[in-house]
Structure formats: structure tokens, C-alpha cells
Amino acid sequence: MATFRIKRYNPEKQPEPYYEEFQLDIPQGATLLDCMNQIKWTLDGSFTYRMSCRSAICGSCAVKANGHALLACQRQASHLVKNGDTIVLEPLGNMKPIKDLVVDFKPFWDKIDKIKPYLQPKTRAPEKERLQSPEQFKRIDDSSTCIMCGSCYSDCNVLEVNDKFLGPAALAKAQRFVEDSRDGKTHERVKELSKPGGIWDCTHCAECVERCPKPARPFDRIKEVMTVALEERVTNNTGARHAISFTKSIKSSGRVNENTLPVESVGYFNVKGLFDLLPVGLRMLFKGKIPPILHKSIDDVDDVKRIFMEADKE
Amino acid sequence: MKFALFTGCVAKGATRELMLSTTRAAEGLGIEFVEMKSAACCGAGVLSEKTPLVADALNARTFAIAEEQELDVVTICSTCQGVLKKTECHIDSDPGYKKKINHLLEEGGHQYTGGKIKVKHFANILSTEEGLNLLREKVKRPLAGLKAAAFYGCYVLRPSELSLYEDSDNPTGLEQIFEILGATPVYYDSRTKCCGFPIVMMNKETSHDMAGNALIDAIESGADCVVTGCPLCHLSLDSYQPEIEKMNKKGYSVPILHLPQLVALALGYSPQELEMDKHIVSTARLDKILEG
Amino acid sequence: MIKHDVVIVGSGLAGMRAALEMCKDLDVAILSKVYPSRSHSGAAQGGIAAALGNSEPDSWEEHLYDTVKGGDFLNDQDAVEEYVKAAPDVIYELEHFGCVFSRTPDGKIAQRSFGGHSKPRACFSADRTGHTILHALHEQLLKHSKSIKIYSEWYMHSLILDGDRCNGVVVSDIRTGAVEVMQARAVIFATGGYGRVFNITSNAFAGTADGVMAAFRAGIPLEDAEFVQYHPSGLYRQGILFSEAARGEGAYLLNGEGERFMEQYAPSRMELAPRDIVARAAQSEMDAGRGVDGKDIIHLDLRHLGEARIMERLPQIRQLGIDFIGVDCVKDPLPIQPTAHYSMGGIPTDKTGHVITDEQGTLVNGFFAAGECACVSVHGANRLGTNSLLDAVVFGERAGRSALTYANAVGHAKVNESHEKTKVLEQFENIFQQNGSESYNDIRDEMKTVMTENCGVFRDEDRLKVCIDTIQKLRERYKRGKVTDKGKVFNSEIYEIIELGNMLGMAEIIATAALARQESRGGHFRTDYPKRDDENFLKHSLTYPKDGELEIKYKPVVITKHQPAERTY
């Protein structure tokens with residue numbers, strides 16, 4: 001007998017959400033969705049959630065189980081039982097609940113819309129198919145698996161504090177077009193995506209990768225967009241300058257120069273940015289935490305330089 | 001116990017106290033660390049934004065050096081740990097890519113074989129049976145009464161298939177170590193979250209917000225201090241704590257410790273010996289607890 | 001009252017393609033009870049067929065023949081011919097929209113073998129072709145958001161049919177429970193199939209016959225309702241589909257004795273024989289006690305393909321096995337059983353997607369249908385794999401074009417808003433007021449069980465009569481249920497109850513039409529009439545609503561190039 005502790009919400013009954021517990025024997029081989037259906041159909045018909053395909057392809061049934069987003073149809077309920085006998089069910093994070101586990105996806109879809117989620121072809125349509133090599137297909141294969149379930153969006157650590165962030169789903173979807181060999185707007189796309197709220201606001205926490213029920217791996221896709229943005233020389237922003245400074249530092253000494261990195265990231269002529277760095281810089285100077293001005297290289301740094309040069313040639 | 005120590009860049013720079021306390025802790029435990037002086041920066045997930053290939057090649061070179069030394073690699077930074085594991089997984093799973101990487105390494109006299117050495121975080125080696133026994137044996141000053149909140153650092157937990165923790169959503173490795181050191185572990189939701197360091201320059205409000213939430217959560221759960229396995233988390237939570245306080249118009253004054261500092265304290269070293277006076281947020285309020 | 005030029009009900013491949021066809025000229029509304037990208041088209045795995053000849057030389061003539069033979073000669077061949085001819089351009093257009101197809105080494109769209117097709121003509125995207133096309137069309141919908149209004153999570157209750165003209169639909173917003181009339185010059189139904197009347201089905205929970213029953217209640221007969229396709233490789237007990245692509249890549253079907261039993265049923269095609277033949281073969285083995293461990297299980301064995309090939313061509317299938325029953329097909333065979341998969345029958349249309357209302361082909365002004373809910377008929381008695389995605393896109397486009405032409409020629413007609421709304425409001429009120437002791441859950445379970453056991457892969461007169469009787473009794477009990485959720489905001493319970501009503505209606509129609517067809521053909525197999533009877537039954541059934549009863553009439557099959565012949569593989 002397992003206890004399902006469910007966060008209910010019914011605006012027609014009371015303004016605040018509340019927890020309710022249901023007891024259910026988990027049938028053998030039952031998924032979490034199977035159990036949710038059992039609760040609805042035999043214990044409380046008002047228990048509300050989204051579902052459709054039950055085979056992990058439509059993306060309807062994403063919920064938070066034990067604090068983390070997943071597809072209810074894709075997980076064995078018995079694997080989720082914690083603390084002896086309880087499964088905690090809550091609606092997806094970073095989205096407003098409408099009723100019980102049903103949340104408002106509008107902000108999610110608005111952000112998808114913002115990245116222009118459709119092919120903007122390079123060339124006029126030929127008579128037959130545009131050619132695309134298997135290797136080019138592979139570049140966009142992973143991001144194509146995204147089913148827009150919202151699990152990544154739910155658990156994103158940045159979205160928790162900043163709802164202007166486009167979020168992992170929109171940015172991963174953007175990669176699908178940025179790296180599609182048939183798309184002709186690469187530069188325009190990465191320029192937009194490099195603006196505040198875009199790729200450089202990602203904090204690398206990999207919650208999106210962890211929660212994604214498909215091989216989409218949003219964080220890895222975001223990094224790919226960053227690489228393209230740098231290749232396209234869209235560098236007038238802190239994130240890009242940071243990556244460039246970091247690279248320069250390793251290339252010349254094999255390790256990060258923590259003195260030049262912050263300065264080059266905000267930009268030598270960015271007076272405000274430099275001014276903002278002053279308090280923490282002075283603080284650290286006072287405590288003796290500033291690294292020596294004469295930046296030492298690692299042993300055998302020439303090997304590192306050589307690797308950079310050889311890679312450049314390829 | 002003998003390991004190749006991959007220090008990472010920050011432990012030798014802005015958080016030198018980490019390198020120092022690691023050395024002390026190793027001394028106290030009788031662990032031998034051979035510093036990898038010719039290993040390059042792991043890339044911190046930033047180098048790979050610009051050049052994924054070189055980032056992987058430099059890490060493969062690090063592995064190759066460890067293979068030559070026939071020593072497992074120990075990291076003292078969650079970010080280094082996560083990035084190295086990611087590289088290892090990527091190269092090991094793609095023979096064609098491995099060939100390409102080794103081609104780049106060749107002229108430098110290194111070749112990465114794979115499967116010969118392991119890459120672990122300092123916390124992971126302490127969590128082995130041998131490590132735990134060593135701790136039990138060598139603790140001289142049990143940290144009784146110290147309520148310590150672990151902050152893992154996201155890179156060491158996610159993606160979970162690369163993590164050495166059994167359950168990335170509910171890890172217990174650090175808390176187990178705290179208990180053996182005599183301290184009381186404090187559990188709280190934010191311990192597995194991100195500190196925001198990677199975006200502290202790109203979007204400092206967001207970054208400080210994330211760090212601030214973690215601090216509040218730790219404080220409200222009763223912590224005397226936060227103990228982290230990542231110097232970047234340390235910078236975010238300690239060096240930027242005044243900014244976070246200013247933003248939220250609150251005073252936290254939560255001392256942030258590096259894991260090796262906590263270990264070394266229990267082994268009998270003094271806060272000064274571990275350069276805890278270098279921290280931005282004073283650790284003085286812990287002195288009372290440490291004096292017992 | 002909400003007013004648009006055209007309303008499309010259903011936003012899968014057919015619905016979305018129709019919308020794109022009309023959006024430049026008309027104000028289009030597309031309505032779906034789930035968010036568009038959740039539509040069931042996305043679950044299709046294997047591929048979309050077209051005689052491109054990218055893998056081997058191919059022709060529309062061969063595609064035509066394969067389809068007609070696969071349909072056991074019940075297909076309307078004039079429609080099939082236009083459909084297979086349209087196929088290559090349809091694929092190219094999808095690719096131009098941005099669809100991410102798997103490619104050959106020289107960059108063309110890759111094609112692979114599929115059951116029932118004599119040439120490799122299934123264009124695919126790894127093993128998620130439906131998903132890829134669905135999302136490509138959805139992207140186009142977002143691109144044209146200024147001229148296509150999406151009503152997401154809105155439910156369609158009834159069709160407004162005044163005399164001989166269709167003038168709109170009555171709908172409700174699931175989020176608020178508000179009932180509205182949507183007035184339009186033309187209505188297109190693209191509402192999908194109805195596999196959920198069965199116990200073991202590959203269909204999503206959404207496949208509940210809403211569209212077909214709304215048309216039926218408006219007086220339109222349903223064509224070929226008895227023809228339901230059973231896909232042989234559904235996950236045991238769950239019904240979740242394992243794509244035929246696995247067999248296309250070389251997987252084996254094994255009985256409990258480890259034999260490749262298809263040798264006995266289709267020696268030349270083996271595992272690549274059409275689905276109905278494979279499903280019956282599997283069912284026969286299970287009925288004869290030769291299932292795995294004596295149970296109703298057959299093994300789908302991919303082990304000999306090796307991990308690399310499985311990961312490249314069938315990654316999703318591998319993950320399905322692991323996630324839903326914990327079986328890794330790289331190491332172990334997958335347990336499967338026949339699952340109700342596709343509804344060949346539906347709302348009768350002509351080749352342009354225009355709905356017809358009798359055997360003479362009388363058009364219903366302003367009403368169109370496409371995709372699985374429609375019956376043109378291109379699939380006849382049995383659909384070949386990869387022909388359904390093609391059906392949805394080809395006829396979605398055609399229905400769109402027909403509706404566009406029609407709508408341009410007419411204005412909006414008057415609609416009696418309160419009259420239309422009242423019926424639906426009453427229905428809601430009735431359900432809310434019902435205070436009986438019957439459990440809707442039990443009624444649903446019993447319907448599914450009796451349909452699967454008595455109207456499933458193998459049928460006979462006695463079992464079908466029991467089936468019809470049981471369904472009728474369930475319909476009575478349905479009136480004595482009780483709803484728990486009395487709220488208006490996102491009341492999914494009441495919608496499930498309404499859907500159950502539709503399913504009960506459809507179940508009775510399927511069983512009645514099956515009883516009337518005294519032969520075996522394609523997906524419909526009568527153990528008491530095991531042979532195909534072209535003399536008496538080379539015709540499409542039309543089930544009419546008549547004074548509360550069901551009346552079955554027939555209409556002829558259009559035969560052009562291929563006279564019915566014996567169907568062997």
C-alpha cells in the first residue's frame with residue numbers, strides 16, 4: 001500500500017493549494033500514470049491532470065514527483081516510492097497551476113514562439129528534397145527528439161529566479177534551427193539568442209538534461225549554440241567575452257588568469273561593469289585572495305599551445 | 001592511498017585556502033597527493049563553449065598523464081570533476097572521436113588509452129570504506145555541535161549518469177562524512193541546486209538570487225555553516241555574500257567552508273592554519289563551537 | 001458566438017495540413033481537445049510512404065497495387081491512384097517545411113522496407129516519423145499564427161447541420177467549461193480514430209470517437225466501421241506500439257516454442273507480411289496455446305541485430321521496452337500481443353475530402369473530413385503501414401483545398417445560437433444531476449473487455465450478438481452514473497464521461513457492422529465465414545442512424561486497374 005501525497009489546487013473551492021493523501025496498492029508493472037488514473041477513476045474523480053498517449057511521445061503528462069519533473073507515463077511507480085511508502089506529486093515548477101496538476105503552459109509556448117521555431121530556408125525550394133548529409137542530420141537529430149513536455153522548464157534553476165530567461169526548451173529548439181544546414185538565418189538567430197535572457201543566462205546546472213525524458217539534452221544544445229555564436233563573431237556581450245578571455249588564457253598559460261578574466265569579460269571599456277567589479281575585487285585584495293599579478297604557466301605549457309594550433313589547422 | 005591531484009585553477013588563485021587545506025587534510029589522513037603540475041585547466045565548461053575539441057583534448061591529455069603515472073585522479077572542485085567525467089564519457093563512447101583526440105595529443109608524447117585510471121572527487125575517496133575508516137581513525141577534534149549544511153555543486157551531481165553519487169537527487173556522501181567528523185548534517189532542498197557562479201558576470205542579479213536562496217534555505221534549516229566541494233560555489237556563496245546581502249537587504253553572515261577545511265579541523269588543525277581568516281565572510285562564530 | 005471562415009476540429013497531421021492550405025486566404029480556426037503538438041499523429045513511428053525511388057527504383061503503380069492488395073481489394077482505386085501519385089510531392093513539401101528526415105549517404109531522404117510494400121518506400125526519421133512531421137507542421141502553424149487561430153483544449157460536442165448545410169460546431173472551453181457556438185462557412189473534421197473502445201490498443205486516451213459520433217448524430221452514416229486494424233506488436237497488457245520498423249530492420253517473431261511461426265502463414269514475406277495477416281497469425285498461435293509460457297504473448301526478437309544497429313535505427317523502441325516493462329531488447333526478446341491500432345472506417349468522403357451522406361455520394365455542403373476519422377476509402381479492409389501518415393497529409397491538403405473553394409463561394413449562414421447551445425448545456429446539466437450508483441469506470445472496462453474478446457481479431461455471429469447486447473445494456477447503465485467533480489474549471493472527469501458516451505455508440509456500430517459482414521476480408525475476420533466473398537461483399541458498409549436503431553446499407557467499391565485476386569504473401 002503506497003501513499004500518494006498530492007498537491008491539489010481548485011480555484012473554485014479555495015485560493016490556496018493544499019495537500020491530500022490517497023492510499024493505493026501499486027499494481028505490478030504500473031507506471032505513475034497508471035496509478036494516477038486508478039486514483040481518479042476509483043477514489044476521486046475530481047483529481048485532474050493532463051495525459052494522452054501514455055507512451056512518452058505526446059508530452060502531456062509531465063509532473064513533479066518527489067520534487068523533480070518527469071513524465072508520469074514513463075516511470076514505474078514502485079521506483080518512486082520514498083520514505084517507506086510515499087510518493088509526492090506536485091504540478092510542474094516555474095508555471096502557474098490552473099487546477100491540481102494542470103499548469104498554464106502559455107509562457108512556455110510564448111518563449112518557443114520568440115525563437116522563431118520554423119525553418120527559414122537558405123534557398124528557394126527545389127523540385128525535390130533539399131539534400132542534407134547524414135552528418136548534418138545528426139547535428140539536429142537530438143534536439144528534434146524534444147516533445148515539448150516542459151520537464152526541463154519546470155526544474156530550470158535560472159527560471160526559478162528569473163522568468164525572463166527563455167529557458168532550456170526554447171533554446172534547445174533554437175539549436176535545431178541554428179544548426180540545420182537548410183536554414184539561412186544562422187547569424188540573425190544567434191544574434192538574438194545572445195541577448196539578455198538567451199544562451200548566456202544559462203547557469204549550466206544541467207537540471208534540464210537530468211529531467212528530459214528524451215535524448216534532447218537541452219544544456220548540451222545550448223552550448224552548441226554558444227559555439228556557433230562565437231564562430232559567427234557575435235561577441236559584444238559578457239558571456240562571449242568571458243569564453244574568449246578564458247580560451248586566450250588557457251592557450252597562453254594552460255590555466256585561467258583570474259585577474260584578466262573578469263576585466264576582459266565585462267570589457268575593458270565597460271566603465272559601469274568594471275565599477276561593479278570594484279567592491280568584490282577590493283574585498284578580495286584586502287583578504288589576500290587576489291592571485292599573483294605575474295601569472296604562472298603550467299609545466300609543459302608548450303604542449304598546450306601546440307594542441308591549440310593543431311586543432312586550429314583542422 | 002596515493003593519487004594524482006588535479007588542483008584546478010581556482011584552488012591556486014582566488015581560493016588558495018582550498019589548496020592549503022587539502023594539503024593539510026591529506027597530511028593528517030596520511031594520503032599521498034602528487035600534484036599534476038603539467039595538467040591544463042579542465043576548461044570549466046567554458047572552454048568548450050569556444051572550442052569543444054581542444055577542451056576534450058586537454059582533458060584527455062590529463063588522463064593520459066595520470067595513466068602514465070598509474071595513478072587515479074582526485075579533484076577538489078565539483079566543476080573539474082563534472083567536466084572531466086563528461087570528457088571521459090564522450091571520448092570513451094566514440095572510438096572515431098578518440099582517434100581524433102589521440103592524433104592531437106601524439107606529438108606531445110601522450111596517448112589516452114581509457115579504462116585504466118579513475119577520476120574522483122576528494123569527497124568520493126573519503127566515502128569509500130577505506131576513506132571512512134581513515135576518518136574514524138584520525139579524527140582528533142570531533143566537531144560536536146557544529147551544524148553543517150552541505151552544498152554539493154551541480155557539476156558533480158548532474159547529469160546523474162556521470163556522477164559518482166548513487167542518487168543525485170538525494171545524495172548523502174557529504175553528510176555521511178560530516179557525521180563521522182562529529183558534526184551534525186543539516187538537510188535542505190537547495191543543497192543540490194546551482195549556486196549561480198557561471199553567470200555571476202553575465203547576469204549578477206540572477207546569480208545572486210540563486211545563491212541567496214540557497215543561503216536562506218540553509219540558515220532556515222538551522223545551519224551554522226555551509227560546506228562545499230567546489231571553490232566556484234565558494235566564491236559565489238562567500239566572496240559575493242555581501243552583494244547578496246545588499247540585494248536582499250538582509251544580513252546572513254554564514255561562514256562557507258571548503259570540504260577539506262572541515263576535514264582538517266576535525267583532524268585537529270586550527271582555523272588559522274587553514275587560512276579560514278582569508279574568507280570574506282568571517283568564520284569567527286564557529287570558533288566557539290570548535291573550542292567545544 | 002465565435003465566427004471564423006473555416007473551423008478545423010482536430011490538430012494532428014490532417015488538421016494542421018488543412019489549416020496551412022487555407023490560411024493565406026481565409027480566417028482559419030483549428031480546435032483540439034489537447035494542445036496541437038500532443039496529437040496522436042506524433043506516436044506514429046515507422047514512416048511515411050511514397051514512391052520516391054531513393055533506395056530502389058519504384059513507381060506509383062507499384063505503390064497503388066501494394067495498397068490495393070493490402071486493402072484486400074476494398075479500396076476505392078480511383079482515390080488510391082490519386083493518393084499514391086500525390087505522395088512524392090507531399091514528401092518533398094514536408095521536407096521543404098523543414099521536416100527532419102533520415103538521409104542516405106548522398107543526402108537524399110532515406111527509405112526503408114515496410115510490411116506489405118514490395119519496395120522500400122517508407123521515408124522515416126529514426127523511429128519517430130510521426131513526431132517529426134507533427135512538429136514540422138506545428139512549426140508552420142506557429143509561423144502563420146496571424147491567420148490561424150488555435151483553440152487549444154477546446155472540446156467539440158456537435159456539428160451544426162441545418163437541412164443540407166453545415167454551419168459550424170458547438171464547442172466548450174475545457175479550461176472554463178464555457179459552451180460556445182462556433183459559426184463557420186465550412187467545417188473540417190480531422191479527429192482521428194477510436195481504438196479506445198478496445199482493451200488493448202495502441203491509441204492515446206484521446207482516441208474516443210468524438211468526431212465520427214458527432215457526424216453520426218448529425219445523420220451522416222459511418223463507412224466500413226467493422227474494419228479495425230490489429231497491429232501485431234503491441235506491448236503486452238499495455239498495448240503500446242512497437243513499430244513495424246523493427247520487423248523492417250529484420251526482427252523475428254517467435255512463439256512459445258522459439259519458432260519463427262510466420263513460415264506457416266506467409267512463407268514468402270514472413271515477418272514483413274501485412275499487419276492483419278501477422279496479427280491473425282500471432283492470435284492463432286496464442287489461441288492454440290503456443291504463446292510464450294502458454295500466455296497471450298509472442299516474442300519480438302531483435303537481439304541478432306546487435307546494439308549498434310538498434311541504437312541507430314530503433315532507439316525509441318529500445319527505450320520503450322526499458323521504460324514500460326523493464327525489458328532491454330538488446331539483451332532479451334520483447335513480449336507483445338495484437339493491439340487495436342487503426343480505424344479504417346469513418347466519415348465517408350469523396351476523393352477531395354468532401355463528406356458524403358449516402359450510397360449515391362450526395363455531398364454534405366460545407367462539411368469535410370480527412371485523416372483517420374475519414375474513409376475515402378484509400379485503405380480498404382486493411383491499411384498498410386506508412387500509408388496512414390500519407391493519408392493524413394494528402395487528404396488534409398485536399399480537404400483544405402475543397403473547403404477553401406467552397407468557403408470562397410458562400411457566406412456565413414444563420415445559426416440559431418441558443419438552440420444549438422441548449423442541447424449541449426442540457427447534456428452537461430444531465431450528467432451533473434445524475435445520481436445513480438453505476439461506476440463509469442466499470443462501464444468503460446466492461447465495454448473494452450467485451451469488444452476485445454468478442455469483436456477482436458477473430459469474430460463470429462454468436463460472440464458479436466453477445467457483444468451488441470452487452471453494449472446496449474452498458475448504454476442503459478451509462479444513464480445511471482454519477483460525476484464526482486461538479487466544478488467548471490478544467491473538469492476532465494466530465495469530458496471523460498462524454499467521451500465514454502461516444503465510445504459506447506461507436507462500439508455498437510462496429511459490432512453491428514461486423515455482424516452484418518458475413519465474410520472475412522482484411523482486418524475483419526469471421527471464423528464462421530473465413531473466406532472472402534467478393535460476390536456478396538465486395539462493397540463498403542454504411543451504418544446509418546435510424547430511429548434510435550442502426551441500419552446498414554452498402555455502396556460499391558470503385559475498381560479501376562486491379563480486379564480482386566487472391567491475397568497471398
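In the text below, chain A, chain B and the rest are named by the order of the sequence lines, each starting its count at 1.
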Kindly indicate whether the side chain of C:L137, heavy atoms from C-beta on, has any atom under 4.5 Å from the side chain of C:L94.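 Yes, close enough: below the 4.5 Å cut-off.
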
Counting only non-hydrogen atoms closer than 4.5 Å, does [X] touch chain A with its backbone (N, CA, C, O), its side chain (CB onward), both, or neither?
{"X": "C:Q238", "result": "both"}
{"X": "C:S102", "result": "both"}
{"X": "C:C123", "result": "neither"}
{"X": "C:N54", "result": "side chain"}
{"X": "C:H131", "result": "side chain"}
{"X": "C:S39", "result": "neither"}
{"X": "C:T132", "result": "neither"}
{"X": "C:Y440", "result": "neither"}

Which of residues 89-99 of chain A have a heavy atom under 4.5 Å from any heavy atom of chain C? A:I98, A:K99

Would you please test C:T208 and C:K33 for side-chain hydrogen bond (donor to acceptor under 3.5 Å, both in side chains) and show each step? CA-CA 11 Å; C:T208 53; C:K33 64 182 182 177; 3.0 Å; yes

Under 3.5 Å, is there a donor-acceptor pair between the A:D142 and A:Q175 side chains? no

No-hydrogen, no-angle side-chain donor-acceptor test under 3.5 Å, A:R211 and A:H68: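 Judged by distance alone, the side chains do pair up.
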
Distance, nearest 0.5 Å, that separates SG of A:C58 from CZ of A:R50: 11.0 Å

Under the salt bridge (charged side-chain N to carboxylate O under 4.0 Å, His left out) definition, can you give me all pairs with a residue in residues 29-48 of chain A, not counting sequence neighbours?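 Output for this query lists A:R8-A:D44.
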
Should we say atom NZ of A:K13 is surrounded by more than 12 heavy atoms from elsewhere, each under 6.0 Å from it? no

Exceeds 12 heavy-atom contacts within 6.0 angstrom, atom NZ of A:K64: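 Yes, because the 6.0 Å sphere around NZ of A:K64 holds more than 12 heavy atoms from other groups.
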
Among C:V483, C:L235, C:V100, C:L142, which residue has the highest count of heavy-atom pairs closer than 4.5 Å to chain A? C:V100

